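Side chains are part of it too, since the values below use all heavy atoms of this structure and drop only hydrogens, waters and symmetry mates. Here is the naming used below: chain letters follow the sequence lines, and residue numbers restart at 1 for every chain. Please read all numbers here as calculations on a predicted model, not as lab measurements.
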There are 2 protein chains.
Amino acid sequence: MTGARRRVTQQDIARMTGVSQATVSLVLNGRSDAEVKLSAETREKVLRAIAETGYVADPIARRLASRHNRIIGVFTYEPVFPSANSDFYHPFLVGIEQQAEVLGCDLLLMTSTPVVDGRRRLFHGDNRLRLADGSILLGRTIDRADLARLLAEEIPFVSIGRRDDAGGPVPYVGADYAAATAEIVRQAIVLGHDRLAYLGLGAGPESWADRGRGFRETVASAGVYGGHFAPPAEGEPVRDTAAVLDAALAAGVTAVVAEEHADGVALYELARERGVALSVATLGEPTRAALPTAVEFTSLRIPRQAMGAQAVEVLTALIEGTPGGRQRLLPCEVVPGETLSERGN
Amino acid sequence: MTGARRRVTQQDIARMTGVSQATVSLVLNGRSDAEVKLSAETREKVLRAIAETGYVADPIARRLASRHNRIIGVFTYEPVFPSANSDFYHPFLVGIEQQAEVLGCDLLLMTSTPVVDGRRRLFHGDNRLRLADGSILLGRTIDRADLARLLAEEIPFVSIGRRDDAGGPVPYVGADYAAATAEIVRQAIVLGHDRLAYLGLGAGPESWADRGRGFRETVASAGVYGGHFAPPAEGEPVRDTAAVLDAALAAGVTAVVAEEHADGVALYELARERGVALSVATLGEPTRAALPTAVEFTSLRIPRQAMGAQAVEVLTALIEGTPGGRQRLLPCEVVPGETLSERGN
DNA sequence: TCAAGGGGCTAATACGAATTAGCTCAGGAA
DNA sequence: TTCCTGAGCTAATTCGTATTAGCCCCTTGA
């Protein structure tokens with residue numbers, strides 16, 4: 001289709017130097033160990049011809065023959081657009097790039113995957129998962145059936161974000177939301193709050209379930225009150241912030257832990273507006289656009305770049321069969337901020 | 001290396017259904033035109049087997065046989081790190097992704113390329129350019145020799161950012177810095193400034209040369225004074241901002257146009273600090289981290305996302321031999337801001 | 001009864017590299 | 001002279017798919 005002149009092949013080099021294609025391949029791969037012997041003279045000749053022609057091996061053919069190609073697939077469930085999404089996922093990608101660079105791998109962003117109902121379909125007709133040596137999966141929710149199938153088909157992959165078993169343990173590099181949420185709840189308690197509430201689903205995708213669990217277990221073990229206000233549905237913002245605020249105040253709640261940054265911001269700003277003292281902490285970087293705010297929120301710093309880099313590490317270990325754990329949970333730093341303050345402020 | 005059980009192939013499907021591998025391939029590609037005839041029955045049988053086994057064609061083999069694979073390479077000259085760089089380049093990537101998604105292409109980020117002297121080497125021993133159907137090149141400076149070689153070897157590519165000829169016209173999608181800079185200079189003149197200065201190299205890589213040219217031509221044709229203060233070297237910040245400010249004031253300059261956002265910010269803030277009235281406009285999004293500032297700078301909005309998307313368009317046109325221009329210059333919006341004000345303010 | 005004319009399919013080959021079994025030849029030992 | 005050995009190389013095969021020439025058989029027409 002490109003109409004370009006035919007590329008130089010090993011066959012061409014072989015003809016030029018009067019050796020066989022096999023010899024060219026051997027020279028190219030520096031195979032001159034005990035198994036294979038090549039005279040220095042032949043090697044020179046071939047290398048000279050390679051230099052002259054500027055020959056480079058066709059990675060595609062190489063992969064067909066050798067079964068791997070130093071390509072890491074990157075699959076993002078959430079479409080990159082709208083760009084709020086894109087900003088959230090970018091740091092992961094940066095970490096992945098960083099590590100890929102270290103390892104000398106290329107990255108295949110699987111943008112070809114069709115988007116159905118706002119989510120990408122991993123397994124579909126012309127699925128390209130096999131193109132890469134292995135893949136990294138990114139996204140809040142990952143279809144359980146897809147995970148099971150990946151495991152069953154023994155396609156090497158690593159999920160960014162913890163995943164429950166899906167017919168077997170899922171390799172992942174996640175953030176320890178449960179521990180981080182527990183830490184925030186503990187800080188609130190230390191600041192005198194003894195009636196807390198959780199704003200969010202606290203269930204569903206692992207990342208939310210972990211946060212919810214961290215909250216529930218900590219309030220329970222501390223013996224303080226822990227209320228719960230849920231948004232209308234997965235991924236949707238709280239519709240009636242005023243109602244939530246009213247309910248929280250009615251329940252005597254003085255500190256709210258919000259799953260979604262945007263929801264927390266809205267609640268805090270409304271409380272401010274009304275002149276009510278309410279502490280709010282949010283559980284992660286914004287994935288949705290939040291109201292503009294000048295306030296430093298008490299929140300979590302998700303180690304996104306590190307997660308990306310470590311996902312590549314786990315993936316290569318997986319591909320190469322190196323021993324070691326296939327599941328890593330990275331600690332999440334608590335960002336102090338000014339929205340979680342002493343009870344009554 | 002993965003030790004996975006052998007994947008299902010067309011051969012397997014063929015054996016299962018009692019047809020030949022060729023038939024399976026034909027069914028798969030929906031080849032039942034005037035050339036090739038297949039009975040509905042056979043097609044059904046094969047399709048059923050494909051559905052049962054969950055067979056998917058190996059993209060690698062497909063590419064080897066058919067000479068293209070719907071992969072677009074993305075090569076970034078500047079390393080992605082430090083992350084200031086990464087933030088600058090991200091919007092381009094988003095645009096590229098967007099368009100790739102529309103076209104059903106995957107993106108290959110060539111992170112395997114070794115970095116030498118702080119820049120990536122495009123042509124190197126185990127060069128993977130040919131893995132993709134074509135590539136997009138990103139970076140402030142692109143080696144002229146590399147461009148010439150790409151053209152000579154007829155490797156389809158598009159540069160993001162205008163490029164001078166390199167042994168032939170270089171396909172590109174650039175931003176029209178010359179026009180945008182001219183517009184800013186004209187605005188300054190309208191605001192009463194008749195002694196302007198350019199802070200930056202104004203030469204070298206095309207993107208800077210274009211800005212410099214826009215400035216020089218406009219001051220010349222307007223008959224106003226246009227001074228020039230250059231940073232120490234390409235890509236380096238202005239060392240002695242105070243010296244620049246002194247010199248500018250000594251020359252009676254009242255408005256400065258800065259190539260690099262960070263340099264402009266530093267200059268403006270220093271003038272503020274000293275209580276001197278000085279207008280400053282900067283010529284683009286920050287590529288280096290600037291001082292934190294609360295001021296809205298008069299600046300340029302580089303249509304990065306659009307540039308990325310259009311680069312993909314030009315590239316596919318190139319690959320498919322579709323007629324049409326291979327060089328596009330997109331307009332740059334001038335961001336009003338408050339740092340370019342009437343002379344004396 | 002034979003030729004002509006498809007329809008429906010397959011055999012064979014190409015793609016470019018990696019890999020392995022084995023060939024050839026020189027030199028030394030028996 | 002024959003046999004062996006090892007160094008140095010090549011022929012042949014493999015990977016999984018796309019493509020094309022052409023085979024076989026059933027109709028139809030004469």
Length of the line joining [X]:[atom1] and [N]:[atom2], which is rounded to integer Å:
X     : N      : atom1 : atom2 : result
A:K45 : D:dG8  : NZ    : C1'   : 12 Å
B:N29 : D:dT20 : CG    : C1'   : 14 Å
B:Q11 : D:dT14 : CD    : P     : 12 Å
A:L26 : C:dA21 : CG    : C1'   : 13 Å
A:H68 : C:dA18 : NE2   : C1'   : 11 Å
A:E44 : D:dG8  : CD    : P     : 14 Å
A:Q21 : D:dC15 : CD    : C1'   : 13 Å
A:R31 : C:dA21 : CZ    : C1'   : 13 Å

**Study point:** Test item: side-chain donor near acceptor, A:Q21 and A:Q10, under 3.5 Å
**Key:**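 Yes, side-chain donor-acceptor contact under 3.5 Å.
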
Check your understanding: Roughly how far apart are A:Q99 CD and A:I72 CD1, rounded to 0.5 Å?
Key ->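 Nearest 0.5 Å value for the CD-CD1 distance: 8.5 Å.
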
Exercise for review: Kindly determine whether B:R162 and B:D164 satisfy salt bridge (Lys or Arg N to Asp or Glu O under 4.0 Å), including the steps that lead there.
Suggested key: CA-CA 7 Å; B:R162 188 184 78 73; B:D164 293 329; 3.0 Å; yes

Of all the nucleotides listed ([options]), which has the minimum atom distance to the side chain of [X]?
X     : options                : value
A:R62 : C:dA17, D:dT17, D:dT10 : C:dA17
A:A65 : C:dA18, C:dC9, D:dT10  : C:dA18
B:Q10 : C:dC9, D:dA18, C:dG16  : D:dA18
B:S20 : D:dT17, C:dA11, C:dT19 : C:dA11
B:T9  : C:dG8, D:dT17, C:dT19  : D:dT17

Check your understanding: Is it true that a side-chain atom of A:R163 and a backbone atom of A:R144 form a donor plus acceptor pair closer than 3.5 Å?
Key ->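 Between the backbone of A:R144 and the side chain of A:R163 there is no qualifying donor-acceptor contact (under 3.5 Å).
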
OP1, OP2 of [N] versus side-chain N and O of [X]: anything below 4.0 Å?
X     : N      : result
A:T42 : D:dC9  : yes
B:S25 : D:dA18 : yes
B:S39 : C:dC9  : yes

Practice item. Map B:A61 and A:A22 onto DNA chain C by nearest heavy atom, then report which one ends up closer to the 5' terminus. Key: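 That would be B:A61.
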
Check your understanding: Is B:V19 touching bases, backbone alone, or none of the nucleic acid, heavy atoms closer than 4.0 Å?
Key ->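 The answer is sugar-phosphate, as B:V19 gets under 4.0 Å only of primed atoms, P, OP1 or OP2.
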
Practice item. Identify, between B:L64 and B:T23, the residue whose nearest nucleotide on DNA chain D lies closer to the 5' end. Key: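 This one resolves to B:L64.
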
Check your understanding: Shortest non-hydrogen contact from B:T42 to B:S39?
Key ->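 That would be OG1-OG, 2.8 Å.
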
